Amino acid sequence: MCGICGKVYLDTSRRVSADELAAMRDAMFTRGPDAGGTHLDRHAGLGHRRLSIIDLETSAQPMSNESGEVSIVFNGEIYNFAELREQLVAMGHRFRTAGDTEVILRLYEEYGEDCVQHLRGMFAFAVWDRRRDSLFLARDRIGVKPLYYALTDEAFVFASELKALMADERLAASREIDVEAVHSYLSFLCLPDPLAIYRGVFKLPPAHTLTYRAGRMQLKRYWDVSFLPDYSLREEDWRERLLECLRESIRLRLVSDVPLGAFLSGGIDSSTVVALMAGMMDRPVKTFSIGFSERAYNEASDARLVAGHL
């Protein structure tokens, strides 16, 4: 879990100050206690709080290419980054780090905004492209990683958390509860995208990108779920394919430079994840569970049973 934020002034003669960017960034300290960084480039600025998972020493953010014309802040994990790195090296790209952040940076250099089509993972990232004077935001297909944004009369701002946006003085001064958002929350027990709780603040929907340039925003969906049925396979074929997908999914998520664990409730979902992890790791899986004093809500005995079996 990391935190990203940034600001781009509409007036290109204005400069983002280090203090205002640091205030946004450090409002998200709990998302990334390991490190924090900023990147200032004319009327734009990027901020990052880091929780180190992969490439602990060299993947500090914000990260820029050699010319400094393209810079990125990234929250998440790209599960196929090693494969993508090999492909990019074959295309002539040179890497300075061993992590997944630089892979996204090089993908953007190679494919531009279509870089998201190549990514498998959970992510929210922002790329400032000085050559085009544009900001590019992207959120993963299912929306695991959060990303909020707002356009005021003086700047476009974005962040992983609302409290980081509210560190912007203009947004804080104009803060007003969105009645439609409250109605949706009371009706659905959630806030449907793109609503946020404040008027004029929005969530970037899952599987969408946003390009901000010259005072204009362009939203684009890059992926959607397909519900077309396939009757060509038998039930046992689907069972085996499901297991193959689950095994591959777990294998990709076991790449880490820090210890791994799993939440275990004893239900079907978490028990399946832990069982597959146990079959792939060379040491017992560390599992974590939550128990409740109310018997109807307590699953601790189920989790203990599964943990003991595995």
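Both backbone and side-chain heavy atoms feed into the values below; hydrogens, waters and symmetry mates do not. The chain is numbered in sequence order, starting from 1. Keep in mind that what you see is a predicted model, and the values were worked out from it rather than measured.
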**Q** Take atom CZ in R241; do more than 12 heavy atoms of anything else shown fall under 6.0 Å from it?
**A**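 Atom CZ in R241 is not crowded, with 12 or fewer foreign heavy atoms closer than 6.0 Å.
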**Q** Counting only heavy atoms from other residues, nucleotides and ligands, does the tally under 6.0 Å from CZ of R131 exceed 12?
**A** yes
**Q** Which atom pair, heavy atoms only, marks the closest approach of L46 to L21?
**A**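 Distance-wise, the nearest heavy atoms are O-CD2, 3.2 Å.
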**Q** Is there a path of hydrophobic side-chain contacts, each under 4.5 Å between heavy atoms of I, L, V, M, F, W or Y residues, that connects Y111 with F125?
**A** yes
**Q** Mind listing the closest non-hydrogen atom pair of L219 and P205 along with its distance?
**A** CD2-CD, 4.5 Å
**Q** Within a strict 4.5 Å, meaning less than it, do heavy atoms of the H118 and L84 side chains meet?
**A** yes
**Q** Considering residues, nucleotides and ligands other than E66, do more than 12 of their heavy atoms fall under 6.0 Å from its CD?
**A**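 For E66, atom CD is crowded (more than 12 foreign heavy atoms under 6.0 Å).
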**Q** Can you tell me if T287 uses its side chain to pair, donor with acceptor, with the backbone of A262 under 3.5 Å?
**A**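 Side chain of T287 to backbone of A262: no pair is present.
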**Q** Any sub-3.5 Å donor-acceptor pair from Q61's side-chain atoms to R49's backbone N or O?
**A** no
**Q** Is the count of non-hydrogen atoms from other residues, nucleotides or ligands lying under 6.0 Å from I290 atom CD1 greater than 12?
**A**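 Not buried by this count: 12 neighbours or fewer within 6.0 Å.
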**Q** Quick one: does any side-chain atom of N65 pair with a main-chain N or O of E69 as donor and acceptor, under 3.5 Å?
**A** yes
**Q** When you measure from the side chain of D140 to the backbone of F123, do you find a donor-acceptor pair of N or O atoms at a distance under 3.5 Å?
**A** yes
**Q** Quick one, R139 and L210 - any side-chain contact, counting heavy atoms below 4.5 Å?
**A** no
**Q** Kindly indicate, with the supporting measurements, whether the criterion side chain to side chain contact (heavy atoms under 4.5 Å, CB included) is fulfilled by V285 and L310.
**A** CA-CA 9 Å; V285 181; L310 294 175; over 6 Å; no
**Q** Would you call Y198 and I177 a side-chain contact if the rule is heavy atoms closer than 4.5 Å?
**A**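 Sidechains of I177 and Y198: in contact.
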**Q** Given 3.5 Å as the limit, does a donor-acceptor pair link the side chain of S270 with the main chain of S265, or not?
**A** yes
**Q** Say you draw a straight line from CZ of R141 to CZ of R221; how long is it, rounded to the nearest 0.5 Å?
**A**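 Taking CZ in R141 and CZ in R221, the distance rounds to 12.0 Å.
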**Q** Mind checking whether Y212 and F156 have parallel, tilted or perpendicular rings, split at 30° and 60°?
**A**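 Answer is parallel, since the angle falls under 30°.
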**Q** Report yes or no: does E83 contribute a side-chain atom to a donor-acceptor pair with the main-chain N or O of N80 at less than 3.5 Å?
**A** no
**Q** Within the 4.5 Å heavy-atom criterion, are I142 and W223 side-chain neighbours or not?
**A**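 Yes. Closest side-chain heavy atoms under 4.5 Å.
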**Q** Extract all donor-acceptor atom pairs below 3.5 Å that involve side chains of residues 182-196 and protein atoms in other chains or at least two apart in sequence.
**A**
residue : atom : partner : partner atom : Å
S184    : OG   : E180    : O            : 3.1
S187    : OG   : H183    : O            : 2.8
D193    : OD1  : K203    : NZ           : 3.4

**Q** Could you go step by step and tell me if H43 and T12 meet the side chain to side chain donor-acceptor pair (under 3.5 Å) rule?
**A** CA-CA 5 Å; H43 61 292; T12 58; 5.6 Å; no
**Q** Hydrophobic clusters here meaning ILVMFWY residues chained together by side-chain heavy-atom distances under 4.5 Å, can you tell me if V16 and V127 are in one?
**A**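 No, it is not one cluster - the side chains of V16 and V127 are not joined through contacts under 4.5 Å.
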**Q** Checking side chain to side chain contact (heavy atoms under 4.5 Å, CB included) for the pair W128/V70: CA distance, chi angles, key distance, verdict?
**A** CA-CA 6 Å; W128 170 249; V70 180; over 6 Å; no
**Q** D100 side chain to F81 main-chain N or O, any donor-acceptor pair under 3.5 Å?
**A**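 Flag not set: sc D100 to bb F81 has no pair under 3.5 Å.
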**Q** Please find the pair of heavy atoms, one from S289 and one from A303, that lie closest to each other, and give the distance.
**A**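 Minimum heavy-atom contact is OG-CB, 3.4 Å.
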**Q** Can you measure from CH2 (W238) to CD (E236) and round to the nearest 0.5 angstrom?
**A**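 Going from the CH2 atom of W238 to the CD atom of E236 covers 12.5 Å.
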**Q** If you look at every heavy atom in V255 and E77, which pair is closest and at what distance?
**A** O-OE2, 3.3 Å
**Q** Look at E154 together with R14 and state whether they make a salt bridge at an N to O cut-off of under 4.0 Å.
**A**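 Yes, charged N to carboxylate O under 4.0 Å.
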**Q** Would R130 and D133 count as a salt bridge (Lys or Arg N to Asp or Glu O under 4.0 Å) here? Give the steps.
**A** CA-CA 5 Å; R130 184 200 298 171; D133 200 34; over 6 Å; no
**Q** Nearest 0.5 angstrom please: R304 CZ to L264 CG, how far?
**A**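 Here the rounded value is 11.0 Å.
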**Q** Kindly check if the number of other-residue, nucleotide or ligand heavy atoms within 6.0 Å of CZ (F263) is above 12?
**A**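 Atom CZ in F263 is not crowded, with 12 or fewer foreign heavy atoms closer than 6.0 Å.
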**Q** Do M166 and Y148 belong together in a cluster built from hydrophobic side chains that touch within less than 4.5 Å?
**A** yes
**Q** Please tell me whether L105 and V89 are part of a single hydrophobic cluster in this structure, the criterion being side-chain heavy atoms less than 4.5 Å apart.
**A** yes
**Q** For the hydrophobic clusters of this structure (ILVMFWY residues joined by side-chain heavy atoms under 4.5 Å, transitively), does one cluster hold both L135 and L147?
**A**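 Yes.
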**Q** Assign the ring pair F202 / Y149 to parallel, tilted or perpendicular, where the plane angle (0 to 90°) is split at 30° and 60°.
**A** tilted
**Q** Does N298 use its side chain to pair, donor to acceptor, with the backbone of R295 at less than 3.5 Å?
**A**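 Checking the backbone N and O of R295 against the side chain of N298, no donor-acceptor pair under 3.5 Å is found.
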**Q** So which atom in L254 and which in M277 form the shortest heavy-atom distance, rounded to 0.1 Å?
**A**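 That would be CD2-CE, 4.0 Å.
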**Q** Rounded to the nearest 0.5 Å, how far does NE2 of H48 lie from SG of C2?
**A**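 It is 4.0 Å, given to the nearest 0.5 Å.
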**Q** Kindly say whether the aromatic ring centers of Y222 and H208 come within a distance under 6.0 Å.
**A**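 That pair fails the under 6.0 Å test.
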**Q** Report the distance from atom CD1 of I197 to atom CD of E176, rounding to the nearest 0.5 Å.
**A** 12.0 Å
**Q** Calculate, to the nearest 0.5 Å, the distance between atoms CG and OG1 belonging to L137 and T211 respectively.
**A** 8.0 Å
**Q** Could you walk me through whether E109 and R106 pass the salt bridge (Lys or Arg N to Asp or Glu O under 4.0 Å) check?
**A** CA-CA 5 Å; E109 288 182 315; R106 303 303 178 186; 3.0 Å; yes
**Q** Using the side-chain contact (heavy atoms from CB on, under 4.5 Å) rule, pick out the option among L151, V201, L165 that qualifies with V157.
**A** L165
**Q** Does NZ or CZ of R120 lie under 6.0 Å from the centre of the six-membered ring of Y79, at an angle within 45° of the ring axis?
**A**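 Cation-pi check for R120 and Y79: fails.
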**Q** What's the shortest heavy-atom distance between R31 and S160, and which atoms?
**A**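 R31 and S160 have their closest heavy atoms at NE-CB, 3.9 Å.
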**Q** Name the one of R253, R251, R247 that satisfies side chain to side chain donor-acceptor pair (under 3.5 Å) with S249?
**A** R253
**Q** Looking only at atom types and distance, does a side-chain atom of R213 sit under 3.5 Å from a main-chain N or O of R132, one as donor and one as acceptor?
**A**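 Yes: the side chain of R213 pairs with the backbone of R132.
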**Q** Is there a side-chain contact between L88 and E110, using heavy atoms and a 4.5 Å cut-off?
**A**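 Contact flag for L88/E110 side chains = yes.
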**Q** Determine, step by step, whether D230 and S232 satisfy the side chain to side chain donor-acceptor pair (under 3.5 Å) criterion, reporting the C-alpha distance in whole Å, the side-chain angles of both residues, the deciding distance to 0.1 Å, and the verdict.
**A** CA-CA 6 Å; D230 181 356; S232 63; 2.6 Å; yes
**Q** Go through it in stages, so that I can follow the logic: the residues are H39 and V73, the test is side chain to side chain contact (heavy atoms under 4.5 Å, CB included), and I'd like the CA-CA distance, side-chain angles, deciding distance and then a yes or no.
**A** CA-CA 9 Å; H39 174 77; V73 283; over 6 Å; no
**Q** Heavy-atom distance under 4.5 Å between the side chains of M280 and I250, does that happen here?
**A**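 A side-chain contact under 4.5 Å exists here.
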**Q** Can you find a pair of side-chain heavy atoms, one from L243 and one from R239, that are under 4.5 Å apart?
**A**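 Result no, sub-4.5 Å side-chain heavy-atom pair not found.
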**Q** Look at atom CD1 of I268 and say whether more than 12 heavy atoms of other residues, nucleotides or ligands are closer to it than 6.0 Å.
**A** no
**Q** If we only count heavy atoms from C-beta on, is the M28 to C5 side-chain gap below 4.5 Å?
**A**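 Result yes, sub-4.5 Å side-chain heavy-atom pair found.
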**Q** Looking at D168 and L171, would you say the former's side chain and the latter's main chain have a donor-acceptor pair under 3.5 Å?
**A** yes
